[in-house]
Amino acid sequence: MHKKMHRIRCIILLLYTLGLHGQPPLTVTYSPQNICVLTGSVVVLNCNYTLTPDYSFRSGYWCKIDGQKHPTCVKASEPRIEYDSRECRVKISNLIPSDSGVYEYRIITAKFTYLQGKDGVSLSVSATPHKDCWGVSYSSTSFCVLRGSTVDIPCIYGFPTDQTVTKSFWYREDKKRKVLIDLRLEEDYKSRVEHLSTEEHNCTLRIRDVRETDSGQYRFRYVTKKTKEAISGGLVTISVPDLQVSMTADTVTEGGNVTLTCDTSCNLKADTSFIWYKNTQPTRHRAINNTLHLNPVSSEDAGSYSCAVRGHEQHQSPEAALDVRYPPRNTTVLVIVDHLGEIVLGESVNLTCRSDANPPVHTYTLYRKTGTQISLLGGGQSYIIANISYETSGLYYCVAQNSVGEQHSAAVSVPIAGQGSAKYVAIGILVVVTLLLLPGLLCLSRRKSSVPPTTGSTTFSQQQADSSHNTLTSNPSCRRNAEADNDECQYASVKFKGSDKAEVGPYTDVQHPHTQTAQDDTEYASVNFFRP
């Protein structure tokens, strides 16, 4: 209702004005009045207007009249529209067929009176070049191009058949430049660009060996002989993508999962294939599109990852580090001394615990095990036994712990030089003493056994003889001499190996046991009996 009332007021005002002054309050002329342009191109509609002295200008705007004469006003806030409300000029970019129609320029006066001129400018938008059609059309206005590749920007431009193109070129949009430079003349482009103008209306641009510096906006422009005016196409954006690796988590615990994505700053073709690298070498994992799934994650998956588009492997993304946490493992106790060779009594020994863990071990604890008893030695990676002795012997082990878990090492012993041979020496001495005493005890036992029990002499019973650590069978050479008052007995000859000297009595040859090296078997004393 409000719009209808507004139109009625405008008509009444217009009729009133015509009646008083004999001319319309607003006169608008368009140049040109009929325009044919190509889809995707840019058009500029120009006009001039005249107001009668009774009206003062406040602002202006454009409207498109459809078939039913219902105006659709063009909003300057739309992305494709550009005009100043004080200028009788409008610029429309990226034209589409539905933009076709009649455009009028209207004015709002200082008293908020709405005035419109007669007729308007007719705009026709065509998808293909034909007679009387101007403009530049691109197949696309945005291109995502990989470094080192070649890109073609399909382009067509139109002009009436009575026109002749005198100049055409591509240039890079740069608002800081006052002069438009043909890409073929620029130092960075002249050896890499060409126009694929195989047909009269073809303005396709080819750029080879695309570089990161090629990212930007480009435009095609041409000039005809008659009009001598430059016709420019819309802007074409070329983007050279930066590859970046993103992760669902850059730190993960062993056994978990993580997804890596090769992100691009612009949209590549759907069939683009990616290749993944770990520490600059191709990974053993299979990628799906631009993602890499690690499930489950192992400690071997830790490292620096990068990605590239297959066929363009020389242009890899920056590396992204994946940290894999795991509990301590390979935990061991090392026995460290300050010299080579065996450990001797009284020396200082360093027990050091080592372990592989991520994050590093934060707590080491050392223990000593003696039989079934376990003693805590203390915390820390190292423990020093200042004065090693037989009393400090035993088994030692440590426990390594980090935020993920813990591990016990295997127990180790601290061997002391001579600790094993001393045991064998003690056994040898016991054997020698037993052998020295045993013959006399046996002879005495035999002698006493021949005396009648009524003599009242003290005798060794067989049970007493058997109580010795070593027993020998009865020796027939030891008997009582009936012709003498004294007993005569043949004694054992015991001789220490390695010596010809008799150590016990004129009838005794005792050989000391010989302690051999670790490769030899220990030999004990040998006992031989003989008659003098």
Side-chain angles (χ1 to χ4, degrees), residues 138-154 172 183 188-189 191-193 205-218 235-327 329 356-360 402-404:
Y138 311 111
S139 64
S140 176
T141 58
S142 179
F143 294 84
C144 186
V145 189
L146 293 168
R147 283 182 293 173
S149 61
T150 298
V151 59
D152 289 344
I153 304 175
R172 183 162 182 171
L183 285 180
D188 292 340
Y189 291 93
S191 62
R192 299 189 294 120
V193 300
L205 174 69
R206 171 172 290 176
I207 304 178
R208 295 184 299 273
D209 187 24
V210 173
R211 305 167 183 173
E212 288 185 32
T213 54
D214 293 338
S215 294
Q217 292 181 317
Y218 299 79
L235 289 173
V236 175
T237 301
I238 295 179
S239 301
V240 181
D242 291 327
L243 301 180
Q244 298 286 339
V245 175
S246 63
M247 305 180 186
T248 53
D250 55 10
T251 300
V252 61
T253 302
E254 191 172 39
N257 65 85
V258 64
T259 298
L260 292 76
T261 304
C262 190
D263 294 322
T264 59
S265 56
C266 58
N267 296 325
L268 295 171
K269 295 179 180 179
D271 59 350
T272 302
S273 178
F274 293 82
I275 185 170
W276 285 88
Y277 301 87
K278 174 193 166 188
N279 299 332
T280 71
Q281 299 299 317
T283 64
R284 59 183 176 86
H285 299 285
R286 181 175 175 269
I288 301 176
N289 296 328
N290 64 330
T291 58
L292 181 68
H293 300 283
L294 304 180
N295 185 20
V297 176
S298 72
S299 58
E300 295 180 355
D301 294 326
S304 298
Y305 287 82
S306 61
C307 63
V309 174
R310 195 173 298 277
H312 299 268
E313 290 83 357
Q314 70 275 22
H315 302 299
Q316 296 183 23
S317 72
E319 292 183 328
L322 175 64
D323 184 27
V324 179
R325 304 184 308 166
Y326 52 89
R329 60 192 181 189
D356 173 27
N358 185 34
N402 69 356
S403 59
V404 183

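Remember, predicted model here, so these are calculated numbers, not experimental data.
No donor-acceptor pair closer than 3.5 Å links the side chain of Asn257 to the backbone N or O of Pro296.
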Residues 238-249, side-chain donor-acceptor partners within the protein, below 3.5 Å, at least two apart:
| unit_1 | atom_1 | unit_2 | atom_2 | d |
| --- | --- | --- | --- | --- |
| Ser246 | OG | Asp263 | OD2 | 2.7 |
| Thr248 | OG1 | Thr259 | N | 3.1 |

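Listed by chain and residue number, Arg147 satisfy the salt bridge (Lys or Arg N to Asp or Glu O under 4.0 Å) test with Glu212 (two or more places apart in sequence, or in another chain). For Ala302, the side chain to side chain contact (heavy atoms under 4.5 Å, CB included) partners two or more places apart in sequence, or in a different chain, are Val324. Not counting sequence neighbours, Arg172 has no partner by the salt bridge (Lys or Arg N to Asp or Glu O under 4.0 Å) test. Scored by the salt bridge (Lys or Arg N to Asp or Glu O under 4.0 Å) test, Arg284 finds Asp301 as partners (sequence neighbours excluded). Qualifying side chain to side chain contact (heavy atoms under 4.5 Å, CB included) partners for Asp209, counting only residues two or more places apart in sequence or in other chains: Arg192, Arg211. In terms of the side chain to side chain contact (heavy atoms under 4.5 Å, CB included) criterion, residue partners of Thr253 (sequence neighbours excluded) are, by chain and number, Arg325, Val404. Residues passing the side chain to side chain contact (heavy atoms under 4.5 Å, CB included) test with Arg286 are Ile288, sequence neighbours excluded. Residues that satisfy the salt bridge (Lys or Arg N to Asp or Glu O under 4.0 Å) test with Asp152, not counting sequence neighbours, are Arg206. Partners of Tyr218 under the side chain to side chain donor-acceptor pair (under 3.5 Å) rule, at least two apart in sequence or in another chain, are Tyr189.
Pairs of residues two or more places apart, or lying in two chains, that qualify as disulfide (SG to SG under 2.5 Å) and include a residue from residues 271-307 are Cys262-Cys307. For residues 267-300, no residue pair satisfies the disulfide (SG to SG under 2.5 Å) rule, not counting sequence neighbours.
The distance from atom CD1 of Ile275 to atom CD of Gln316, rounded to the nearest 0.5 Å, is 8.5 Å. The CZ atom of Phe274 lies 11.0 Å from the CZ atom of Arg310; values are rounded to the nearest 0.5 Å.
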For a side chain to side chain contact (heavy atoms under 4.5 Å, CB included) check, start with the C-alpha distance between Asn290 and Leu268, then their side-chain angles and the critical distance, and finish with the verdict.
CA-CA 11 Å; Asn290 64 330; Leu268 295 171; over 6 Å; no
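Contact between Lys278 and Gly303 at its shortest, heavy atoms only, is CE-CA, 4.5 Å. Residues Tyr277 and Thr283 share a closest heavy-atom pair of C-CG2, 3.6 Å.
For the residue pair Asp356 / Tyr326, a side-chain donor-acceptor distance below 3.5 Å is found, with atom types taken as modelled.
Counted within 6.0 Å of CD on Gln314, heavy atoms from surrounding residues, nucleotides or ligands total more than 12; the atom is thus considered enclosed.
Side-chain contact between Asp214 and Ile207: present, with at least one pair of heavy atoms (C-beta onward) separated by less than 4.5 Å.
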